[in-house]
Structures are given as C-alpha cells and as structure tokens.
Amino acid sequence: MTRHMRIPIAMTVLLTAVISCSDSARQEELAELRSQRRSLLMQFSSVQNVIRRVQIQALDEPTVRAAQDTFNAELRAAVLRDDPEAVELLDRARAVGHDLQDMATPKLLQQGEEDPRPVAPEERAAVAAELAEVERSLRPVIDRAFQDPAVVQAFATLQDSVVAAMLQIDPGAQRSIDLMAELEAQVVEIDAEIARLSE
C-alpha cells in the first residue's frame with residue numbers, strides 16, 4: 001500500500017473515533033439531563049403534595065370553576081378547528097383524569113365515614129397509564145392549540161385564579177407556589193437542552 005493511500009485511511013479511522021467519542025459524550029450528557037429532569041419532577045411532586053389540600057379546595061371556588069370552564073371551552077374550540085377527530089381524545093383525557101382523581105380522593109359517607117371501597121394499586125396504575133397514553137397522543141394537538149392567543153389568555157386567567165384562591169385559603173402557600181414555579185422553569189430549560197442535543 002502506498003503512503004498517500006495510508007493517510008486517508010488513517011484520517012478516516014481518526015475521524016470515526018472522534019465522532020464515536022463525541023456521540024458517546026452526547027449520550028452521557030443526555031442521560032444526565034434526563035436524570036436531572038426526573039429529580040426535578042420528583043421535587044415538584046413533593047412540594048405539590050404539601051399544598052395539595054389547598055389546591056383541591058381552590059379548585060372548588062366559584063371563580064376558579066368559571067375560569068376553568070372558560071379555558072376548557074377555548075381549548076376545545078381550538079382543537080376542534082385544528083383537528084376535529086382529536087376532540088374525542090380531549091374528552092377521553094378529561095374522563096380518565098377525573099377517574100384517577102376520584103380514585104385518589106376519599107369520599108365521605110353518612111355519619112362522616114370515609115368511603116371504604118378499596119382501589120387496588122394495579123387499577124390506579126392502569127388508569128394512570130391510560131391517561132399518560134392519551135396525553136401523549138394529544139400533546140402535538142395541545143401544543144398547536146396554545147398558539148391561539150385566546151387559549152393562552154384563558155389559561156393564564158385560570159392559573160391566576162387558582163393562585164389567588166389558594167392564597168386566600170392559606171397565605172403560607174406562596175412559598176410552595178414560588179418553589180414549584182422555580183422547579184418548572186428549570187425543567188423547561190432542561191427540556192430545551194435535551195431537544196437541542198437530540199437533533
């Protein structure tokens with residue numbers, strides 16, 4: 001083999017090694033980012049559980065219910081314009097979400113007794129898995145719906161009304177709300193970085 005033939009081969013081997021090393025480093029970085037994301041979501045869930053009682057009470061407030069109805073109507077209208085067939089998925093997500101919430105919330109019977117019905121963990125897991133699958137299918141449609149200013153405004157109003165109701169019920173909830181917002185912002189940053197590295 002001549003000298004000028006060996007150089008390109010050597011360069012090819014070198015470039016392949018560099019690309020392989022670079023790809024390996026990128027995969028490691030992606031794995032680390034996904035690990036950080038899981039950790040942040042766990043922290044978010046932990047903080048949310050602390051104020052869950054207040055959140056549930058806030059959702060029953062008339063102003064919050066009205067804001068939620070408005071948001072649901074705007075979202076449904078936007079989805080209907082974009083993809084009429086996806087409205088069925090939207091309705092399914094709401095129904096399954098309601099079932100999951102119902103399973104997690106003890107009911108009160110007469111004489112103040114809690115609902116004794118047992119809900120097997122497997123049943124809750126199956127409903128949660130169905131909800132996750134429906135939400136996954138809906139995600140592109142929802143993302144497009146949030147390009148509509150009316151949907152964005154209705155959602156912002158809903159968020160503001162929930163926060164206002166929560167603070168009226170428990171002013172001390174502000175610290176948890178601030179921490180949740182901070183964690184959510186960090187997740188958004190990590191998602192953007194994951195998207196960039198996945199291109």
Side-chain angles (χ1 to χ4, degrees), residues 1-52 54-55 71 75 78-79 82-83 85-86 89-90 92-94 96-97 99-101 103-104 119-148 151-152 155-156 158-159 162-163 166 173-199:
M1 183 180 292
T2 63
R3 178 178 170 78
H4 73 277
M5 285 295 290
R6 281 199 299 270
I7 293 174
I9 292 173
M11 288 180 66
T12 300
V13 171
L14 178 62
L15 286 171
T16 301
V18 169
I19 291 170
S20 176
C21 180
S22 174
D23 186 61
S24 175
R26 188 176 68 209
Q27 291 305 319
E28 287 180 12
E29 190 174 356
L30 279 169
E32 174 60 25
L33 286 169
R34 290 186 177 114
S35 175
Q36 290 177 22
R37 186 180 194 278
R38 281 192 297 272
S39 177
L40 288 169
L41 289 176
M42 287 175 66
Q43 291 177 57
F44 184 93
S45 179
S46 177
V47 175
Q48 189 176 42
N49 284 337
V50 172
I51 58 172
R52 183 167 180 78
V54 179
Q55 284 180 313
F71 168 68
L75 181 63
V79 170
D82 177 63
D83 184 356
E85 292 182 4
L89 272 177
L90 191 64
R92 184 61 189 152
R94 283 211 192 94
V96 176
D99 289 346
L100 192 61
Q101 178 66 34
M103 288 178 176
V119 178
E122 297 81 10
E123 184 179 348
R124 284 198 302 271
V127 174
E130 182 182 357
L131 179 60
E133 180 59 35
V134 173
E135 287 181 340
R136 222 177 351 259
S137 301
L138 268 175
R139 177 50 51 198
V141 180
I142 298 298
D143 286 346
R144 291 194 297 272
F146 266 82
Q147 302 302 310
D148 186 328
V151 173
V152 174
F155 185 66
L158 173 58
Q159 285 184 309
V162 170
V163 170
M166 288 175 66
Q174 184 65 62
R175 185 167 56 180
S176 294
I177 292 170
D178 290 343
L179 181 53
M180 287 168 63
E182 181 183 330
L183 291 168
E184 188 174 13
Q186 291 180 49
V187 170
V188 169
E189 288 181 8
I190 286 179
D191 284 347
E193 186 63 12
I194 288 174
R196 185 185 69 79
L197 289 172
S198 299
E199 290 177 351

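Every value quoted in this text rests on a predicted model; they were computed, and no experiment measured them.
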Applying side chain to side chain contact (heavy atoms under 4.5 Å, CB included) to Asp148 and Leu75, what does each step give before you reach the verdict? CA-CA 9 Å; Asp148 186 328; Leu75 181 63; over 6 Å; no
Stepwise side chain to side chain contact (heavy atoms under 4.5 Å, CB included) test for Gln36 and Ser39
CA-CA 5 Å; Gln36 290 177 22; Ser39 177; 5.6 Å; no
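Atom CD of Glu32 is separated from atom CZ of Arg34 by 12.0 Å, given to the nearest 0.5 angstrom. The OG atom of Ser46 sits 8.0 Å away from atom CD of Gln43, with the distance rounded to the nearest 0.5 Å. Here the CD-CG distance, from Gln174 to Asp178, works out to 4.5 Å after rounding to the nearest 0.5 Å. Of the inter-residue distances, the one linking Asp83 atom CG with Arg144 atom CZ reads 6.5 Å to the nearest 0.5 angstrom. If you take CG on Leu179 and CD on Gln48, they are separated by 11.5 Å, rounding to the nearest 0.5 Å.
Across every non-hydrogen atom of Val47 and Ser176, the tightest pair is CG1-O, 3.6 Å. Shortest non-hydrogen contact noted between Val152 and Phe146 is CG2-O, 3.1 Å.
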Show which side-chain atoms of residues 182-192 pair as donor or acceptor with protein atoms under 3.5 Å away, not counting sequence neighbours.
{"residue": "Asp191", "atom": "OD1", "partner": "Arg37", "partner atom": "NE", "Å": "2.5"}
{"residue": "Asp191", "atom": "OD2", "partner": "Arg37", "partner atom": "NH2", "Å": "3.4"}

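A search for ring pair (Phe, Tyr, Trp, His ring centres under 6.0 Å) contacts involving Phe71 returns Phe155, not counting sequence neighbours.
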